[in-house]
Amino acid sequence: MTDIRMLPFDVAVAATVLADIQISPDGSQVAYVTTAASVEGEAPTSAIWLVSAEGGASRRLTTSEVVDGAPRWSPDGSAIAFLSDRLKRGVTQVYVITLSGGEAIRLTEHPGPVTSVEWSPDGRMLAFTAMDGESPDAKRRQEERDDEHVVDADLKRASLWVIDLPEDLRAAGVLPESRRISPEGLHVGSLAGRGFSWAPDSQGLAAVVAPGPKADHLFAPDLATFEMDGTMHRLGNFEGLGDAPSFSPDGSTLAFIGCEHRMPSLFSLRIIPVGGGESRVVLPDYKGSFTSVSWLPEGDRLLAMIEEGQQHAIRFVDVEARSAEAAFALPAGSAGRSGHPLSVSRDGSRVAFARAGNDTLADLYVADIGGTPRKLTDLNPWVRDYDFGEMREVTWTSTDGMEIEGLLILPVGYQEGQRYPLLLHIHGGPCGAWTTQLYTNWHDWGQFLAQRGYAVLMPNPRGSSGQGSEFLCAIVGCYGEPDWDDLITGVDAMIERGIADPEQLVVGGWSGGGFLTNWTITHSNRFKAAVSGAGISNWVSFQGTADVRGVFDAYLGSVVDDVETHWRLSPIRLIGNATTPTLILYGGADARVPPTQGYELYEGLKAVGVETQLVTYPREPHTIGERKHQLDLLGRVVEWYDRHLGRGE
């Protein structure tokens with residue numbers, strides 16, 4: 001394999017990520033955000049770029065080496081509001097820059113970071129959400145070390161604010177006054193971060209509101225409308241409400257993405273009258289997962305990005321006819337790991353979107369409705385310098401006869417009829433999915449292993465997104481049981497097809513994938529090595545320490561009422577069955593799956609004489625962001641698998 005063009009880890013972790021897409025109101029230009037990897041001793045940065053929708057070179061709009069993001073066009077297209085932490089790193093504020101030139105103008109000096117911003121449709125106001133800052137008394141107490149911490153007693157929430165824009169933004173350098181719209185003690189924000197939208201007449205807003213910012217709060221928030229004097233009207237509680245609601249053009253209806261029934265039937269499109277009343281699912285039992293929606297000007301249709309199996313489709317959704325049809329032909333692929341991946345021009349004739357393929361990371365595309373998409377960026381040209389394994393969509397039959405889908409990455413240089421080591425790579429969530437894109441980062445190990453002679457099976461078992469609500473809910477009360485059958489039958493299928501060597505199987509995953517890795521090593525001795533990243537080992541103790549207890553009540557019931565189910569589904573219960581050498585990885589500051597879960601697994605494996613290693617990364621939450629930590633993690637994963645298969649150099 002010496003002639004394979006191997007992708008170095010340091011090149012991969014330096015990839016440019018497409019983070020936000022916003023098309024101009026007239027559809028002539030697109031603003032987009034790219035994030036750059038952290039380098040030694042520095043925090044990650046991001047920048048805003050502009051490119052013509054007809055193509056050509058991009059122009060960098062913001063040049064500070066800080067975090068610049070969330071670009072939002074003024075209604076007349078003459079200016080862009082955005083967020084930046086150039087005043088103080090880590091504390092973003094609202095800025096506006098005109099396209100005619102000149103410096104960006106700062107409009108806020110909020111004590112806590114601003115988290116989102118939107119223009120009013122009439123262009124006269126900006127609304128934004130901002131987190132609470134530390135009070136002078138709290139700062140003083142920290143300095144004096146009189147700083148005991150009472151859990152949940154001082155939650156930092158995001159509030160909704162409005163700025164009336166002066167005619168001359170540069171007048172005397174005075175910051176315009178902000179007025180608070182939401183009441184104290186209420187958090188405005190969604191799972192995706194974007195928590196509000198303007199009414200078409202600029203006389204009100206709709207928002208996702210919750211008691212606080214913890215994950216348990218955000219998985220079961222309320223939908224509310226606000227008048228400009230702060231009067232709030234609650235429209236109801238909606239589990240899984242994942243993004244800001246969207247007003248229909250006439251202001252009568254809100255569309256939002258939430259549960260079809262109850263958790264975890266996530267990612268369904270719902271509508272509700274703005275004045276209150278019953279909400280309804282637009283496409284009941286749809287075999288897909290909505291990720292982004294935008295009303296079209298006629299008011300009876302939306303344009304939606306929908307995850308369908310391993311692909312993302314862009315479809316017209318007719319609200320009254322309850323139908324969905326393709327908006328234009330798309331190349332095979334997905335939105336990758338980009339955020340806010342769909343934006344529509346004001347007249348609905350042109351759409352900008354993110355698209356990744358099996359050997360490319362996400363780039364920016366534009367399409368006229370009914371036309372052919374055109375690629376506007378080439379953010380990571382280095383991908384063409386390396387060899388990647390062929391990716392195939394595969395299906396197989398699970399134990400009970402259900403057909404399961406997934407992706408298979410073949411080893412670079414694959415030869416039909418030859419068997420290869422197989423990595424069973426399990427995605428997290430559980431309500432996530434592997435989709436068609438290039439898998440080359442700290443979390444996605446597929447192509448790194450394919451370059452080293454492995455086949456990589458990436459299943460989407462029961463509980464995954466992209467296949468409808470019934471599929472999402474198929475693991476309620478049994479998480480780890482039917483889905484593990486789906487995983488292991490996929491491995492058997494790859495063996496039966498002559499691809500996988502049954503004596504060279506390894507397994508791994510992160511978060512929910514870490515849990516199912518823990519389940520695998522306590523239910524099978526077929527795997528020669530395992531990597532468990534941020535995985536649950538004991539559901540009983542997890543429910544007492546994690547920030548998502550209420551979320552997993554939907555899967556397992558309340559631990560208070562049903563401790564038996566939690567214990568039955570805990571891998572630690574069967575630790576005596578484990579024989580697989582296991583590398584355990586955690587972010588040291590992970591509140592989602594606390595590192596104590598890893599310590600339980602580590603001590604349990606040691607107690608029964610199984611080779612194990614536990615590595616924690618200081619400061620890191622549930623995702624690993626620092627460059628050196630990402631490089632260390634990738635090196636450890638590859639070395640662990642290679643060594644236990646006798647493949648080390």
Side-chain angles (χ1 to χ4, degrees), residues 187 189-192 195 206-224 234-246 254-273 276-291 293 304 306-307 317 322 428-433 460-483 511-512 515 536 539 542-543 546-566 569 592:
H187 178 79
S190 69
L191 292 168
V208 181
V209 300
K214 298 175 70 173
D216 273 349
H217 298 141
L218 298 183
F219 268 96
D222 287 349
L223 182 59
R234 293 185 189 265
L235 301 183
N237 180 263
F238 297 96
E239 290 185 317
L241 207 171
D243 207 346
S246 177
L254 287 168
F256 61 95
I257 298 170
C259 287
E260 181 164 352
H261 309 295
R262 64 178 302 277
M263 283 285 291
S265 61
L266 299 146
F267 314 119
S268 291
L269 175 61
R270 302 186 73 99
I271 58 172
I272 189 171
E278 292 295 319
S279 72
R280 67 177 175 90
V281 178
V282 176
L283 296 175
D285 303 317
Y286 191 79
K287 299 301 182 185
S289 296
F290 286 80
T291 60
V293 297
I306 311 173
E307 180 188 330
V317 177
R322 296 192 173 191
C431 52
N460 288 322
R462 271 168 273 205
S464 302
S465 56
Q467 300 180 66
S469 294
E470 183 178 349
F471 198 79
L472 279 163
C473 294
I475 58 172
V476 170
C478 53
Y479 183 19
E481 294 176 331
D483 38 335
S511 191
F515 160 65
I536 296 96
W539 283 111
F542 172 83
Q543 293 288 62
D547 69 350
V548 285
R549 175 184 52 79
V551 175
F552 282 98
D553 283 357
Y555 290 97
L556 307 177
S558 167
V559 70
V560 175
D561 299 329
D562 191 3
V563 70
E564 291 81 9
T565 294
H566 288 73
L569 299 176
R592 187 62 33 85

Enclosure of E481 CD (heavy-atom neighbours >12, cutoff 6.0 Å)
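Check passes, neighbour count above 12.
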I need the minimum non-hydrogen distance between H566 and G557, along with the two atoms involved.
CE1-O, 3.0 Å
Quick check for you: to the nearest 0.5 Å, what is the distance between [X] atom [atom1] and [Y] atom [atom2]?
{"X": "R234", "Y": "L223", "atom1": "CZ", "atom2": "CG", "value": "10.5 Å"}
{"X": "R462", "Y": "C473", "atom1": "CZ", "atom2": "SG", "value": "13.5 Å"}
{"X": "L569", "Y": "F515", "atom1": "CG", "atom2": "CZ", "value": "6.0 Å"}
{"X": "F267", "Y": "S469", "atom1": "CZ", "atom2": "OG", "value": "10.0 Å"}
{"X": "D553", "Y": "F219", "atom1": "CG", "atom2": "CZ", "value": "12.5 Å"}
{"X": "H261", "Y": "D285", "atom1": "NE2", "atom2": "CG", "value": "6.0 Å"}

Measuring only between side-chain heavy atoms, which start at C-beta, is [X] closer than 4.5 Å to [Y]?
{"X": "V559", "Y": "F542", "value": "no"}
{"X": "L218", "Y": "H187", "value": "yes"}
{"X": "Y286", "Y": "S268", "value": "no"}
{"X": "L283", "Y": "F290", "value": "yes"}
{"X": "Y479", "Y": "L556", "value": "yes"}
{"X": "S190", "Y": "L241", "value": "no"}
{"X": "P430", "Y": "I475", "value": "yes"}

Apply side-chain contact (heavy atoms from CB on, under 4.5 Å) to residues V208 and F238 and explain how you reach the verdict.
CA-CA 9 Å; V208 181; F238 297 96; over 6 Å; no
Donor-acceptor under 3.5 Å ([X] side chain, [Y] main chain):
{"X": "N460", "Y": "A433", "answer": "no"}
{"X": "D483", "Y": "G480", "answer": "yes"}
{"X": "R280", "Y": "I271", "answer": "no"}
{"X": "N237", "Y": "A220", "answer": "yes"}
{"X": "E260", "Y": "P284", "answer": "no"}
{"X": "D216", "Y": "V551", "answer": "yes"}

Geometric class of the Y555/F552 ring pair [parallel <30°, tilted 30-60°, perpendicular >60°]
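The rings of F552 and Y555 sit tilted, inter-plane angle from 30° to 60°.
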Just to verify, what does [X] make a side chain to side chain donor-acceptor pair (under 3.5 Å) with, not counting sequence neighbours?
{"X": "E307", "value": "S465"}
{"X": "D547", "value": "R592"}
{"X": "R549", "value": "none"}

With side-chain contact (heavy atoms from CB on, under 4.5 Å) as the criterion, how do V282 and L269 come out once you've worked through the C-alpha distance, each side chain's angles and the decisive distance to 0.1 Å?
CA-CA 6 Å; V282 176; L269 175 61; 3.9 Å; yes
